[in-house]
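For reference, the structure discussed in these notes is given below.
Everything quoted here is computed from the prediction, not taken from an experiment. What's counted below: heavy atoms across the whole structure, side chains too, no hydrogens, waters or symmetry copies.
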Amino acid sequence: AADCDGLIGVTALLAAPGVGKTHLCDDIARLDATLPLVLDGEQLFVDGDNRHLLAVPVTFANGGMQWTPKSHESAALAVWPRVELLVRVVFAHFVGVDRRSDDRFAAVARAIAPQLPRELTVRHVLDALAYDRAQALGVTEDTIHVLLVVDELLSACDSNKVYRDAVDALHNARRGCVVSTLEQTPVLRGEQVGGGATAQPDRTGSRRPLRWLPMPMLDTFAWCKANGVRDETQKRLYVLSSGHPRTMQFVREAIGKQPHAPAIAIIGAVNGTRAGRAPTTVVRFMWAALANVPLPFVAANRQPTKFATAVQAGNLINGVVASEHVPPPAVPLVSLFDVLDVAEPWLRALPQLVWTLVDKLDGKAFERVHVLRTAAMFVLHRMARDTDFHMDTGGEQLSTLQLFSDEPTGANVLFGGAHFLHVPAGSTIEEMSIDVHQAQGIVHTVTDNLWTAPDGGWTHARDGDQLLPRRGAGGGGGAAGGDDKLALLKPLRLVYTTYDTNEAFDSAVVVPTTAGTPHLVLFENKFSRGDAKNKFTSDDMLLKVRKARTRLGELFGDEKRKHLFRRAGVSSAAQVTLCFVVLRHHSVSVDTLESKLLDENDATPIAFNVVLLDHAALVQHYGDTLAPSVALCEHVLDASTISAATLAGAAGAVARTE
């Protein structure tokens with residue numbers, strides 16, 4: 001369709017690899033002549049007859065030409081990029097979309113490329129194809145609407161600068177164009193080369209209307225609902241895809257072949273199908289992905305960064321936000337299916353976290369996920385600060401790591417978005433920094449009440465009940481029998497108890513501060529659904545604070561001198577923070593909580609810090625990569641309904657995975 005100046009627009013599909021750009025381009029190229037074409041609710045051919053639409057597909061997915069002119073044929077070499085484009089257009093048009101990746105492409109290219117006249121242009125070929133269609137329909141050539149469908153513009157740019165010839169075709173006002181691209185830069189840069197003018201976000205360099213169609217990830221829960229997926233394990237596997245359509249398709253195919261197979265078999269089949277995967281490569285981006293650190297796509301020398309290369313290769317599943325020139329930096333998005341294959345010993349908590357979401361998703365899942373993520377983050381921050389690990393930091397200036405901050409989670413903040421509900425006089429919790437060089441990603445799972453100090457230490461849970469399987473004996477991890485004792489709690493090693501009624505907290509960690517004083521963080525995980533039965537209220541918080549105050553008073557008495565917290569160097573309540581980690585907390589304002597604690601402290605002093613990480617902070621902490629873990633924890637704790645609008649959107653996107 002032309003605008004008021006008679007210029008035919010260019011439509012650009014913008015998405016990450018595997019989101020469905022090629023699929024949609026193929027659908028456009030193979031449109032049935034009787035199907036109505038609708039864009040933004042407007043039917044393009046009112047009579048419903050699409051026969052006058054000639055979609056000409058151009059793909060670079062069928063491999064190389066495997067033939068080039070000889071070096072002494074300078075004239076042929078000069079026009080070679082144009083010849084390659086012509087061969088691809090002719091081949092795709094005559095063999096059809098479904099067979100355009102046929103392995104015969106190279107043979108056909110070798111046969112016809114030397115015969116093409118050197119003066120032949122893309123415009124000549126498109127005119128010839130339009131004439132051929134007009135003759136077949138018995139109509140005049142000017143009634144044929146040619147639509148050039150270029151799949152993955154980055155590939156065209158990388159193929160001997162073939163894209164410049166495609167630009168020549170784009171600038172013919174009679175030619176409509178749909179392109180798919182991973183990023184916006186090639187479209188605008190290419191149009192600037194051809195049109196000469198300055199491109200704008202909604203116009204090409206030649207002033208043609210430019211419509212961007214970003215293709216987002218799918219809403220997995222809505223998709224499962226729309227497609228009748230009722231099996232909980234299968235549903236979890238789809239959610240772990242992060243809504244990445246290609247991965248969802250692999251999950252669907254694996255389930256179709258093994259409908260009753262256990263989850264581990266389906267995961268193995270999916271990862272075996274995903275060609276080009278490089279789980280060892282994604283480790284270098286794991287810190288940025290989980291610490292919410294954006295990385296640039298373009299280096300100072302104007303070359304693509306390793307991050308950009310990983311995205312283009314499909315090792316990361318980022319999409320790219322449209323921008324006028326260079327894409328803005330983005331936080332890496334790692335597939336959780338790749339996380340399952342991470343083999344780095346210190347990062348064992350990450351694959352275990354993902355496996356927990358599949359295998360042990362129950363009412364305690366949120367507690368487990370929080371512990372495992374925290375253990376992994378200690379290690380990732382250590383790795384980012386140690387050049388031996390080659391983590392991609394995007395040039396961030398890494399300083400000491402702040403434990404809690406009301407600023408966002410980032411390169412130098414572990415728990416961002418925190419609300420400091422109660423900070424006793426003299427406390428340094430709001431500026432406290434910690435030393436992570438001892439982090440090893442270890443989690444101790446014990447069976448005891450953590451307020452007690454049994455002889456010999458706490459008892460390790462048996463192997464099958466371990467949150468994170470142990471690596472060795474004693475304080476470093478535990479032996480295989482599962483009946484040994486944890487006699488010493490070393491810094492940055494989280495302890496989690498399976499004891500049903502551990503008062504005031506679920507897990508704990510002693511962190512070494514840069515001031516040299518150890519600090520104890522007690523984590524209490526809560527889920528607030530908002531109804532009367534499951535609402536997290538100010539009274540709930542006060543009850544936990546009172547229990548913690550009582551227990552800490554006992555802990556620092558003479559009879560508890562051998563308690564593991566005491567032996568770790570924690571000698572007073574001033575070295576303690578009680579941190580509430582609340583999922584779906586919608587019922588009580590922070591001001592109300594602070595006011596309640598102020599009144600409580602006036603009545604009976606609270607010598608320890610009280611910090612809140614609410615739902616907004618958790619969404620920020622987990623980021624896009626671990627967002628499915630939050631969604632699955634919410635799902636198991638609250639079977640929430642899905643809006644009709646969400647369902648409708650998911651149903652409309654179903655075709656992209658079929």
Query - Non-hydrogen atoms of Ile606 and His422 that approach each other most closely - result: O-NE2, 2.8 Å
Query - Spacing of CG belonging to Leu240 relative to OG1 belonging to Thr220, to within rounding of 0.5 Å - result: 9.0 Å
Report task. Give the C-alpha distance, both sets of side-chain angles, the deciding distance and a yes or no for side-chain contact (heavy atoms from CB on, under 4.5 Å) between Arg567 and Leu489. Result -> CA-CA 8 Å; Arg567 293 181 62 193; Leu489 184 59; over 6 Å; no
Query raised in the report: Which pairs count as salt bridge (Lys or Arg N to Asp or Glu O under 4.0 Å) when at least one residue sits in residues 600-612, sequence neighbours excluded?
Result: Arg546-Glu600, Arg549-Glu600
Requested in this report: Examine the side chains of His460 and Gln466 and answer whether a donor and an acceptor come within less than 3.5 Å of each other.
Outcome: no
**Report entry** NZ/Lys544: more than 12 non-hydrogen atoms of other groups inside 6.0 Å
**Finding:** yes
Query raised in the report: Aromatic ring centroids of Trp458 and Tyr499 under 6.0 Å?
Result: no
Requested in this report: For the pair Arg566 (side chain) and Leu555 (backbone), establish whether a donor and an acceptor sit closer than 3.5 Å, ignoring hydrogens and angles.
Outcome: yes
Query raised in the report: Hey, does the Lys NZ or Arg CZ of Arg373 hover above the aromatic six-ring of Tyr622, less than 6.0 Å from the centre and inside 45° of the axis?
Result: yes
Query - Under 3.5 Å: donor-acceptor pair, side chain of Arg382, backbone of Ala439 - result: yes
Query raised in the report: Would one find more than 12 heavy atoms of other residues, nucleotides or ligands at under 6.0 Å from atom CD of Glu559?
Result: yes
Requested in this report: Compute whether any side-chain donor of one residue and acceptor of the other, for Asn609 and Ser427, lie under 3.5 angstrom apart.
Outcome: yes
Query - Beyond-backbone contact of Val251 with Phe337, side-chain heavy atoms, under 4.5 angstrom - result: yes
Query raised in the report: Within a strict 4.5 Å, meaning less than it, do heavy atoms of the Met286 and Val334 side chains meet?
Result: yes
Report task. Return yes if a side-chain donor-acceptor contact under 3.5 Å exists between Thr409 and His621, otherwise no. Result -> yes
Query raised in the report: Would you say Cys633 and Val369 make side-chain contact, with heavy atoms under 4.5 Å?
Result: yes
Query - Beyond-backbone contact of Leu290 with Met377, side-chain heavy atoms, under 4.5 angstrom - result: yes
Query raised in the report: Hey, mind stepping through Val293 and Trp287 against side-chain contact (heavy atoms from CB on, under 4.5 Å) and telling me if it holds?
Result: CA-CA 8 Å; Val293 177; Trp287 172 79; 3.6 Å; yes
Query raised in the report: Quick one: are the ring centres of Phe307 and Phe297 less than 6.0 Å apart?
Result: yes
Query raised in the report: Quick one: do the His419 and Asp614 side chains pair a donor with an acceptor below 3.5 Å?
Result: yes
Query raised in the report: Can you check whether Val610 reaches Phe580 side chain to side chain, under 4.5 Å on heavy atoms?
Result: yes
**Report entry** Close side-chain approach of Val510 and His519, heavy atoms under 4.5 Å
**Finding:** no
Query raised in the report: Can you find a heavy atom in the side chain of Leu564 that is under 4.5 Å from one in the side chain of Leu486?
Result: yes
Report task. Kindly state whether the ring of Phe505 and the ring of Phe523 have centres lying under 6.0 angstrom apart. Result -> no
Query raised in the report: Would you say the side chains of Ser335 and His244 form a donor-acceptor pair under 3.5 Å?
Result: no
Query raised in the report: Going by atom types alone, do Arg385 and His381 pair a side-chain donor with an acceptor below 3.5 Å?
Result: yes
Query raised in the report: What residues form a side-chain hydrogen bond (donor to acceptor under 3.5 Å, both in side chains) with Lys526, not counting sequence neighbours?
Result: none
Requested in this report: Would you please indicate yes or no on a ring centroid separation below 6.0 angstrom for Tyr496 and His444?
Outcome: no
**Report entry** Counterpart residues, side-chain hydrogen bond (donor to acceptor under 3.5 Å, both in side chains), relative to Gln402 (two or more places apart)
**Finding:** none
Query raised in the report: Taking atom types as modelled and ignoring hydrogens, do the side chains of Thr452 and Asn449 form a donor-acceptor contact shorter than 3.5 angstrom?
Result: no
Query raised in the report: Taking the side chain as C-beta and beyond, is there a heavy-atom pair between Thr498 and Val446 under 4.5 Å?
Result: no
Query raised in the report: Which is it for Leu347 and Val339 under the side-chain contact (heavy atoms from CB on, under 4.5 Å) test, yes or no, and what are the steps along the way?
Result: CA-CA 10 Å; Leu347 291 177; Val339 172; over 6 Å; no
Requested in this report: State whether Arg470 and Asp463 are salt-bridged, where the test is any N-O pair (Lys NZ or Arg NE/NH1/NH2 against Asp/Glu carboxylate O) under 4.0 Å.
Outcome: yes
Report task. Kindly determine whether Leu372 and Leu350 satisfy side-chain contact (heavy atoms from CB on, under 4.5 Å), including the steps that lead there. Result -> CA-CA 7 Å; Leu372 290 168; Leu350 286 176; over 6 Å; no
Query - Residues Ser589 and Thr592: side-chain donor-acceptor under 3.5 angstrom - result: yes
